[in-house]
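First comes the structure, then the notes that go with it.
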Amino acid sequence: QVQLVESGGGLVQAGGSLRLSCAARGRSLRSYNMGWLRQAPGKEREFVASINWSGRLTYYADVVKGRFTISKDNNKNTLSLQINSLEPEDTAIYYCAAKDTFRDRVYISEFDTWGQGTQVVVSS
């Protein structure tokens, strides 16, 4: 079973940028679809972005398109999320998620491995 450890969260002003990372331990991510999800206070966990096992296909929630970029480095066994033009509404705990499959897309309910999350707070 792969273990996921997120890092890179923090406090940032609106309009700023952050880069979140997710390091995998225990197994290679080469066969894994990966994703980022977030949960804001008092809200349900929501999909942010996902990437297929090869890293060639990416998917984004409408609210982050053009601002967030997901990437996967199978050699370094890491997943990243570059976040630009941060908005106060992006404040949430961000979770890295994974599923071992060669399918081209995995949906939020199908991820079966999760990290512990990293907090992002955006001040206005």
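Positions are given from 1, in the same order as the sequence printed here.
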For [X], which residues count as a side-chain hydrogen bond (donor to acceptor under 3.5 Å, both in side chains) partner, sequence neighbours excluded?
X      : value
Gln39  : none
Arg105 : none
Lys65  : Asp62
Thr58  : none

Considering all heavy atoms, the nearest [X]-[Y] contact:
X      : Y     : result
Val120 : Gly9  : CG2-CA, 4.1 Å
Gly35  : Ile70 : CA-CD1, 4.3 Å
Val106 : Asn33 : CG2-CB, 3.5 Å
Gly8   : Leu18 : O-CD2, 3.7 Å

So the disulfide bond (SG atoms under 2.5 Å apart) pairs with at least one residue in residues 39-68 (sequence neighbours excluded) are none
The complete set of disulfide bond (SG atoms under 2.5 Å apart) pairs with one or both residues in residues 77-124, sequence neighbours excluded, reads Cys22-Cys96
Just to verify, what does [X] make a side chain to side chain contact (heavy atoms under 4.5 Å, CB included) with, not counting sequence neighbours?
X     : value
Val2  : Leu4, Ala24, Arg27, Leu29, Tyr32, Thr113
Asn75 : Arg30, Asp73
Ala61 : Phe47, Val63, Val64

Members sharing Phe102's hydrophobic cluster, built from side-chain contacts under 4.5 Å between Ile, Leu, Val, Met, Phe, Trp and Tyr, are Trp53
query: Any ion pair linking Asp90 and Arg67 (charged N to carboxylate O, less than 4.0 Å)?
result: yes
Residue pairs meeting ring-ring contact (aromatic ring centres under 6.0 Å, His included), one or both in residues 59-88, sequence neighbours left out, come to none
Listing, residues 79-88 side-chain donor-acceptor contacts under 3.5 Å, not counting sequence neighbours, or none:
{"from": "Gln82", "atom 1": "OE1", "to": "Arg19", "atom 2": "NH1", "distance (Å)": "3.2"}
{"from": "Gln82", "atom 1": "NE2", "to": "Asn84", "atom 2": "OD1", "distance (Å)": "3.0"}
{"from": "Asn84", "atom 1": "OD1", "to": "Ser17", "atom 2": "OG", "distance (Å)": "3.0"}

Would you indicate whether the side-chain heavy atoms of Arg25 and Val5 approach each other to under 4.5 Å?
yes
